[in-house]
Amino acid sequence: MFKNRPISLLLIIALLLTLASPAMTNPNGMPLQSLRAFDQKILARVSAERAMKYVEYLSKEIGTRPAGLPNEHRAAAYIANYFEGLGYSVELHEFAVTGSNANVNVGYITFGDGTLWETGAAAGGFTVSGRVISAGNGLLEDYPAGLEPGFIALVRRGQPFANIVANAKQRGAVGVIIYNTQFGARGNYPSAFNPSVTTDIPVLGAAYIHGTRLLEQIAAGEVFVNLRTVRYTNRRSYNVIATKPATNGDPNAPIVAVTGHYDSVVGSPGANDNGSGTALVMELAAILKDLNTDKEIRFIAFGAEEIGLVGSNRYVQRLTPQEKERFIAVFNADMIATNHPNVTHLVAATPNGVQHIVTDSAKAAGARLGDSSLMPTTFGSSDHVPFHNAGIPAALFIWLGGGLVPSNYEIEMYYHTPQDTIEENMCLSRFQTALNIIGAAVFDVVRKQVPSLERSKIRMPVNDVIESTEYLEYAN
Ligand code: BES
Ligand code: ZN
């Protein structure tokens with residue numbers, strides 16, 4: 001202890017000097033050091049490495065988590081247990097998926113060593129095993145001569161599905177894997193898909209990378225697999241909600257939500273989309289638990305986002321008018337840790353580009369932390385939308401590139417594919433940046449207001465507009 005004393009004295013002197021320095025006050029006279037003291041409560045605790053463990057559990061231990069399927073329910077239980085372990089009171093808000101999304105067809109490809117790939121499928125529930133044969137585009141002439149019937153045809157997407165299946169059967173196939181070649185609407189690699197065709201054999205819609213890997217394996221030797229298609233009906237899903245009442249016990253305190261969806265699309269382990277955002281919700285729940293906060297905080301992991309924001313829509317529908325009145329801010333994290341080299345900014349996006357308490361507090365937090373990567377911008381497509389539509393300030397946090405021009409947004413290539421894994425699609429330091437900025441912003445909004453620090457809520461001067469062509473070079 002004695003040994004430390006000279007260091008402590010030095011620190012105190014340095015701190016006093018810092019506080020006295022006019023350069024360390026913001027334009028409103030608020031000592032920056034005091035703002036940072038609150039931020040420090042978050043920064044000292046929040047850990048991307050720990051959060052990555054949650055992503056690991058979700059994306060590896062559980063794996064793909066399509067809405068309403070057993071893995072999604074496993075993920076809900078995992079998150080609920082975690083919240084409970086922290087001492088929160090936890091609500092599982094169950095809902096039915098209705099309409100055309102109530103049912104879904106999923107395919108499974110199993111290899112001899114137990115490796116399992118998930119794909120989309122045409123309707124039906126069939127199981128077959130056989131050797132995989134590469135059959136090009138699936139035209140009759142694409143099949144090698146002299147095939148023994150009973151094989152599985154691997155066909156690249158392009159020809160009408162009905163033709164592909166009829167030709168495969170004519171040549172003696174007992175199952176068909178059609179692999180995707182059509183890039184996603186956002187320029188991402190092709191995902192798993194559902195071939196719309198009536199069939200009495202399994203017809204799977206595999207992601208591009210699955211087709212590529214199968215072709216590689218076939219080139220190296222004989223490949224035998226088991227194919228299974230399953231039709232899941234009347235899907236049900238859950239929102240998982242942990243609530244931290246206001247420290248002052250006010251049952252009518254304003255509500256701030258920290259949210260992220262935990263489901264994935266079929267075929268994708270959803271490490272970045274959205275193990276990352278789910279892990280942020282989990283990590284901030286652990287860190288904010290012991291801090292004084294004069295707002296009620298709801299930590300919400302939404303189910304069934306990928307099939308139409310179903311969980312968040314149901315959640316907002318269920319709010320009473322009084323609750324809606326109390327909601328002041330929603331921080332929605334979705335894809336906050338990609339390693340894609342062409343993304344440039346962590347953004348706080350609102351569906352119509354309007355800025356409010358969520359974008360402002362994030363921008364100010366970024367500025368306080370000396371990080372100018374946080375930018376407000378325009379984007380929907382995630383669970384902030386139903387809140388926004390209900391008049392509640394809500395923003396999506398995501399890393400984007402492409403000059404942040406909405407028509408030119410650049411996202412990771414592995415979005416919605418089997419390659420959305422920790423190894424192939426995530427970046428620890430971007431994860432930490434997102435946790436720091438969003439964590440500091442949330443705490444700034446929810447923390448107990450100390451009267452003398454009231455002004456800390458002012459906006460820091462940050463450029464609102466960025467040149468639209470500034471980052472376009474990355475688009476090529
Ligand atoms: N995380 C994505 C949304 C996203 C992707 C935002 C790329 C910004 C850039 C989300 O999980 C998703 O894919 N949403 C669906 C929403 C739809 C089902 C309403 C989408 O955008 O296709
Ligand atoms: Zn998402």
Side-chain angles (χ1 to χ4, degrees), residues 55 58-59 64-68 72 75 97-102 104 120 182-194 207 235 237 239 259-281 300-316 331-338 340 342-351 353 375-389 394-417 420 425-426 430 434 475:
V55 180
L58 291 163
S59 64
T64 65
R65 306 175 298 286
E72 196 215 32
V97 178
T98 55
S100 58
N101 275 328
V104 67
Q182 300 180 356
F183 274 65
R186 295 183 175 112
N188 57 296
Y189 282 133
S191 311
F193 68 105
N194 295 103
R235 292 195 273 174
S237 180
N239 296 326
T259 71
H261 73 88
Y262 65 90
D263 64 315
S264 75
V265 297
V266 168
S268 172
N272 192 43
D273 187 8
N274 186 29
S276 66
T278 305
L280 173 135
V281 176
I300 313 176
F302 290 116
E305 186 266 1
E306 297 286 9
I307 56 170
L309 318 179
V310 181
S312 50
N313 265 305
R314 293 304 156 77
Y315 181 81
V316 171
F331 293 79
N332 178 51
D334 193 354
M335 299 168 59
I336 56 165
T338 182
H340 187 56
N342 293 1
V343 310
T344 49
H345 288 81
L346 176 65
V347 305
T350 61
M375 287 288 168
T377 189
T378 312
F379 214 93
S381 292
S382 188
D383 292 316
H384 58 309
V385 173
F387 290 94
H388 169 88
N389 291 344
L396 159 68
F397 291 85
I398 178 174
W399 284 93
L400 290 178
L404 307 193
V405 180
S407 59
N408 191 47
Y409 279 146
E410 189 153 345
I411 60 160
E412 61 251 40
M413 299 300 289
Y414 299 149
Y415 166 65
H416 285 185
T417 74
D420 183 6
N425 197 33
M426 284 187 74
R430 285 200 184 128

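Order of listing sets the numbers, starting from 1, for every ligand and every atom in it.
- Of all protein heavy atoms, the one lying nearest to atom 6 (C) of ligand 1 is Phe379 CE2, 3.3 Å.
- The protein heavy atom nearest to atom 12 (C) of ligand 1 is Glu306 OE1, 3.3 Å.
- The shortest heavy-atom distance from Tyr409 to ligand 1 is not under 4.0 Å.
- Under the 3.5 Å distance criterion, the side-chain polar atoms of His388 are left unmatched by any main-chain donor or acceptor of Gly380.
- For the residue pair Ala394 and Pro351, the shortest heavy atom distance occurs at O-CD, 4.4 Å.
- Residue Arg430 comes nearest to Thr338 through the heavy atom pair NH1-O, 2.8 Å, listed as atom of the first residue, atom of the second, then distance.
- Per-residue contacts place Glu305 under 4.0 angstrom from the following atoms of ligand 1 (heavy atoms of the residue considered): 10 (C), 11 (O), 12 (C), 14 (N), 18 (C).
- Atom numbering of ligand 1 starts at 1 in the shown order; those under 4.0 Å from a heavy atom of His416 are 13 (O).
- Less than 4.0 angstrom separates some heavy atom of Met335 from each of these atoms of ligand 1: 1 (N), 2 (C), 5 (C).
- Of all protein heavy atoms, the one closest to atom 20 (C) of ligand 1 is Arg186 NH1, 3.6 Å.
- Listed here is the closest heavy atom pair of Ser237 and Gly303: OG-CA, 3.5 Å.
- Counting only heavy atoms of the protein, atom 16 (C) of ligand 1 lies nearest to Ser381 O, 3.7 Å.
- Taking the six-membered ring for Trp and the full ring otherwise, the centers of Phe302 and Tyr262 sit at least 6.0 Å from each other.
- When only modelled atom types and interatomic distance are considered, Asp420 and Asn425 share a side-chain donor-acceptor pair under 3.5 Å.
- Within the coordination shell of the Zn ion (ligand 2), defined by N, O or S atoms under 2.8 Å, Glu306 is absent.
- Remark: ligand 1 atoms within the under-4.0 Å shell around heavy atoms of Asp273 are 1 (N), 2 (C), 11 (O).
- Of all N/O/S atoms in Asp273, OD1 sits nearest the Zn ion (ligand 2).
- Atom OD1 is the N/O/S atom of Asp334 found closest to the Zn ion (ligand 2).
- The shortest contact between atom 13 (O) of ligand 1 and any protein heavy atom is with Tyr415 OH, 2.6 Å.
- Minimum heavy-atom separation, Ser276 to Met426: CB-CE, 4.0 Å.
- For Ser382, no nitrogen or oxygen atom sits less than 3.5 Å from a nitrogen or oxygen atom of ligand 1, counting backbone and side chain alike.
- For the side-chain contact (heavy atoms from CB on, under 4.5 Å) with Met335, the lone residue among Asn272, Leu400, Leu396 that qualifies is Asn272.
- In summary, the side chains of Tyr409 and Thr377 do present a donor paired with an acceptor at a separation below 3.5 Å, with no hydrogens or angles considered.
- Near Gly308, with a cut-off below 4.0 Å to any heavy atom, the atoms of ligand 1 are 18 (C), 19 (C).
- Between Ile398, Asp334, Leu400, it is Asp334 that holds the heavy atom closest to atom 1 (N) of ligand 1.
- The only member of Asp273, Thr278, Asp383, Asn332 that meets side-chain hydrogen bond (donor to acceptor under 3.5 Å, both in side chains) when paired with His261 is Asp273.
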